[in-house]
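The structure appears right after this line, and notes come after that.
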Amino acid sequence: MSWLRSRVRGLMRACLLVVLGALTAQAFAWGTQGHQVVAELAFNALTPKARFEVTQLLVLEPGETLASISIWADEHKSPATSAWHYVNFPRATCQFETERDCPDGQCVVAALERQLAVLAASPTPERRLKALKYVVHLVGDLHQPLHAGYQDDRGGNSYTLQAFMQARNLHALWDGGLVKNLNLDNTALTALVRQSTPQQEQSNLSLSQAAEESCRLVATPGFYPVRQVSERYVQQFTPVLLQRLAMAGARLAGLLNRTWP
């Protein structure tokens, strides 16, 4: 029977690796629905010129939309690009300093700047499409507060808690837990987010300022809940979540409109 016990242990280890892989994957995005809503909001706010240019690039992959490519950067993440999805700040400050917070250009702020430059200037349509995929995704990431969180707890990944009857960490709660708790399809969530549309004067921050803005939200009193997430926490911060999605959509549209004036 020893062979059977050994086989069972092997299967258990394999299952555990699958589960851990799934949990790790959750730590890098708004989740599919959040990114798709950001992209849909942005597409509807594009100028005719920018919409034409985006559509021309999407023709290279028939059937794709701005929403459907919004999760490409997570699906094709590698050790070389994983740092492009976030920026970490010291707990004492939310003021962005390039040398400290983005060494060798390995952070979401610098990655976005590079991909926007490719999108605007590359003579190769395939390279511009790839850059578009990164831009759509990384703008979404930049507005998830914990993608600009504290270095010492890895953007909330090390801060464990209990929420919605499941063991989670704070980063996963903001990536997907709060969105899933709304229990809405993309159409309904997009309509709800539109009600949180930011005022125009808030929509033109630089990328580093947008990162600082996310960091300041993380520093908000109460943002780090006690280990059991309460209904009060959900009621307080779900509107913040909707505002961040709205802001991401507005700023993504602004960046694309300025790319193709």
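Please read all numbers here as calculations on a predicted model, not as lab measurements. Quick note: residue numbers are just sequence positions, from 1.
- Within a 6.0 Å sphere centred on CZ of R227, other residues, nucleotides and ligands contribute more than 12 heavy atoms.
- No side-chain donor-acceptor contact under 3.5 Å links H143 to the backbone of L245.
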Test side chain to side chain contact (heavy atoms under 4.5 Å, CB included) applied to L58 and V54, step by step:
CA-CA 6 Å; L58 293 173; V54 166; 3.8 Å; yes

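- At a threshold of 4.5 Å between side-chain heavy atoms, the hydrophobic network of Ile, Leu, Val, Met, Phe, Trp and Tyr places V118 and V139 in two separate groups.
- Looking only at distances, no side-chain donor or acceptor of E97 sits under 3.5 Å from a matching main-chain atom of E99.
- When side chains are defined from C-beta on, V38 does not count as touching V193, because their heavy atoms never get closer than 4.5 Å.
- Panel note: side chain Q209, backbone S206; a donor-acceptor pair is recorded below 3.5 Å.
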Side chains of residues 122-131: which donor-acceptor pairs under 3.5 Å do they make with residues two or more places apart or in other chains?
{"residue": "S122", "atom": "OG", "partner": "T124", "partner atom": "N", "Å": "3.2"}
{"residue": "R128", "atom": "NH1", "partner": "S122", "partner atom": "O", "Å": "2.8"}

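- Both L242 and L142 are part of a single hydrophobic cluster, where members link through side-chain heavy atoms under 4.5 Å apart.
- Rounded to the nearest 0.5 angstrom, L66 CG and L256 CG are separated by 7.0 Å.
- Among pairs with a residue in residues 47-72, those fulfilling ring pair (Phe, Tyr, Trp, His ring centres under 6.0 Å) read W72-H76, W72-Y134, at least two apart in sequence or across chains.
- To the nearest 0.5 Å, the span separating CD on Q36 from OG on S70 amounts to 5.0 Å.
- A 4.5 Å side-chain heavy-atom check between L207 and L255 finds at least one atom pair inside the cut-off.
- Between K133 and E61, at least one side-chain nitrogen of the basic residue sits less than 4.0 Å from a carboxylate oxygen of the acidic one, meeting the salt-bridge criterion.
- A donor-acceptor contact shorter than 3.5 Å is absent between the side chain of S158 and the backbone of R154.
- Judged purely by atom type and a 3.5 angstrom limit, Y233 uses its side chain to pair as donor or acceptor with the backbone of F223.
- When every heavy atom of L170 is checked against every heavy atom of P225, the shortest pair comes out as CD1-CD, 3.7 Å.
- Residues G105 and A110 approach most closely at O-CB, 3.4 Å, considering heavy atoms.
- Between the CG atom of N181 and the CG atom of L241 there is a distance of 10.5 Å, given to the nearest 0.5 Å.
- Taking CG from N169 and OG1 from T160, the interatomic distance works out to 8.0 Å, rounded to the nearest 0.5 Å.
- Taking all atoms of both residues into account, the shortest heavy-atom contact from A50 to N257 is CB-OD1, 3.3 Å.
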Verdict with reasoning, Q162 to V229, per side chain to side chain contact (heavy atoms under 4.5 Å, CB included) = CA-CA 6 Å; Q162 186 79 17; V229 175; over 6 Å; no

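- Aromatic pair H147/H85: centroids not less than 6.0 angstrom apart.
- Closest heavy-atom contact between A253 and A45: CB-CB, 3.7 Å.
- D185 is not listed as a side-chain neighbour of L189, based on a closest heavy-atom distance of 4.5 Å or more.
- For F96, the ring pair (Phe, Tyr, Trp, His ring centres under 6.0 Å) criterion is met by no residue, not counting sequence neighbours.
- In this model, a donor atom of one side chain and an acceptor atom of the other lie less than 3.5 Å apart for N186 and Q33.
- H171 and D153 form no side-chain donor-acceptor contact under 3.5 Å, judged by distance and modelled atom types alone.
- Between Y159 and Y224, the ring planes are perpendicular. Angles over 60° get that label, and only those under 30° would be called parallel.
- A donor-acceptor contact shorter than 3.5 Å is absent between the side chain of D101 and the backbone of T98.
- Contact annotation: the side chain of T190 never approaches that of N44 to less than 4.5 Å [non-hydrogen atoms, C-beta and beyond].
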Before you tell me yes or no, could you show the steps for T220 and L217 under side chain to side chain contact (heavy atoms under 4.5 Å, CB included), namely the whole-Å CA-CA distance, both residues' side-chain angles and the distance that decides it to 0.1 Å?
CA-CA 5 Å; T220 301; L217 283 172; 4.2 Å; yes

After noting the C-alpha distance and the side-chain angles of E113 and V109, does the key distance pass the side chain to side chain contact (heavy atoms under 4.5 Å, CB included) rule? CA-CA 6 Å; E113 290 172 344; V109 173; 3.9 Å; yes

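- Judged as a side-chain contact (heavy atoms from CB on, under 4.5 Å), and not counting sequence neighbours, the contacts of D104 are Q106.
- Residue pairs meeting the disulfide bond (SG atoms under 2.5 Å apart) criterion with at least one member in residues 214-261, sequence neighbours excluded, are C94-C215.
- Taking the ring pair (Phe, Tyr, Trp, His ring centres under 6.0 Å) definition, one finds that F89 meets it with nothing, sequence neighbours left out.
- Side-chain contact check for S214 and R244: at least one donor-acceptor pair (N or O, by modelled atom type) lies under 3.5 Å.
- Annotation: the span from I69 atom CD1 to H35 atom NE2 amounts to 12.5 Å, rounded to 0.5 Å.
- Using a 4.0 Å cut-off between charged side-chain N and carboxylate O, R251 and E213 make a salt bridge.
- Hydrophobic clustering of Ile, Leu, Val, Met, Phe, Trp and Tyr side chains at less than 4.5 Å, counting indirect connections, unites L46 with L116.
- In this structure, the side chains of V108 and W84 stay at 4.5 Å or more apart for every pair of heavy atoms.
- Atom OG1 in T93 sits 10.0 Å away from atom CZ in R216 (nearest 0.5 Å).
- Residues F43 and T55 form a side-chain contact, since some pair of their non-hydrogen atoms from C-beta on lies under 4.5 Å apart.
- A pairwise comparison of heavy atoms in V59 and P62 identifies O-CD, 3.5 Å as the closest pair.
- Relative ring orientation between F237 and W174 is described as perpendicular, the plane-to-plane angle rising above 60° on a 0-90° scale split at 30° and 60°.
- Across all non-hydrogen atoms, the minimal contact from Y150 to N88 is O-OD1, 4.0 Å.
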